[in-house]
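Written out below as structure tokens is the structure these notes cover.
Heavy-atom basis, side chains included; hydrogens, waters and symmetry copies ignored.
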Amino acid sequence: MPDANIRIPEEAKDRLAAIAAAEGLSLRAYLARLAETMLTPAERAERAEQARAALHAWNGYAPTSAEQNELDSELDRRLAQVTSR
């Protein structure tokens, strides 16, 4: 498989290379692994729908849109708390 060239700021490349080295990987191997493990927005949405369907089949869990929005807001609030520490 041929390699691709991606232009990013030098600081970003250096940071990624440091992360890769800390995991015992080359930058190339680290980026390849990252690309294999990250989900696209469509893949995340599909998995979320599968999880909702499984929960509904298992215990009848079926939040309304308003409940889902409230739960999303609560999750956002909690994530903001954690990331601000």
Side-chain angles (χ1 to χ4, degrees):
M1 175 182 303
D3 287 343
N5 291 320
I6 300 171
R7 297 180 55 86
I8 61 172
E10 188 73 24
E11 299 82 23
K13 182 199 72 86
D14 292 344
R15 180 173 172 78
L16 290 169
I19 294 167
E23 294 189 24
L25 298 170
S26 67
L27 179 54
R28 182 182 189 277
Y30 178 76
L31 291 174
R33 186 181 74 181
L34 185 65
E36 291 171 3
T37 59
M38 297 293 296
L39 298 175
T40 66
E43 290 167 335
R44 283 194 306 274
E46 181 181 347
R47 287 196 182 180
E49 184 53 41
Q50 290 171 347
R52 278 191 289 277
L55 284 169
H56 186 269
W58 177 55
N59 67 5
Y61 179 75
T64 65
S65 292
E67 290 170 328
Q68 187 63 50
N69 289 337
E70 187 176 321
L71 291 167
D72 288 345
S73 294
E74 177 64 13
L75 179 59
D76 289 343
R77 184 187 68 75
R78 290 181 184 199
L79 287 172
Q81 280 182 327
V82 171
T83 57
S84 68
R85 291 181 187 172

Taking all atoms of both residues into account, what is the closest heavy-atom pair of Met38 and Glu43, and its distance?
O-OE1, 4.0 Å
Check this for me: does any side-chain nitrogen of one of Glu11 and Arg15 sit under 4.0 Å from a carboxylate oxygen of the other?
no
Single-linkage hydrophobic cluster, 4.5 Å side-chain cutoff, Ile19 and Ile8 together:
yes
Enumerate, atom names and distances included, each donor-acceptor pair closer than 3.5 Å involving a side-chain atom of residues 21-32, sequence neighbours excluded.
unit_1: Glu23; atom_1: OE1; unit_2: Arg33; atom_2: NH1; d: 3.3
unit_1: Glu23; atom_1: OE1; unit_2: Arg33; atom_2: NH2; d: 2.2
unit_1: Ser26; atom_1: OG; unit_2: Ala29; atom_2: N; d: 3.0
unit_1: Arg28; atom_1: NE; unit_2: Asp3; atom_2: OD1; d: 3.2
unit_1: Arg28; atom_1: NH2; unit_2: Asp3; atom_2: OD1; d: 2.7

Taking atom CZ of Arg78 as the centre, report whether more than 12 heavy atoms of other residues, nucleotides or ligands fall under 6.0 Å from it.
no
Nearest 0.5 Å please: distance from the OG1 atom of Thr64 over to the CD atom of Gln68.
8.5 Å
Heavy atoms only: give me the nearest Ala62-Glu67 pair and the separation to one decimal.
O-OE1, 4.4 Å
Taking it one step at a time, do Glu74 and Glu70 satisfy side-chain contact (heavy atoms from CB on, under 4.5 Å)?
CA-CA 6 Å; Glu74 177 64 13; Glu70 187 176 321; 5.9 Å; no
Flag yes if Leu75 and Val82 sit in one hydrophobic cluster, no otherwise; membership is Ile, Leu, Val, Met, Phe, Trp, Tyr, and two members link when side-chain heavy atoms are under 4.5 Å apart.
no
Nearest-0.5 Å distance, NZ of residue Lys13 to CD1 of residue Ile6:
13.0 Å
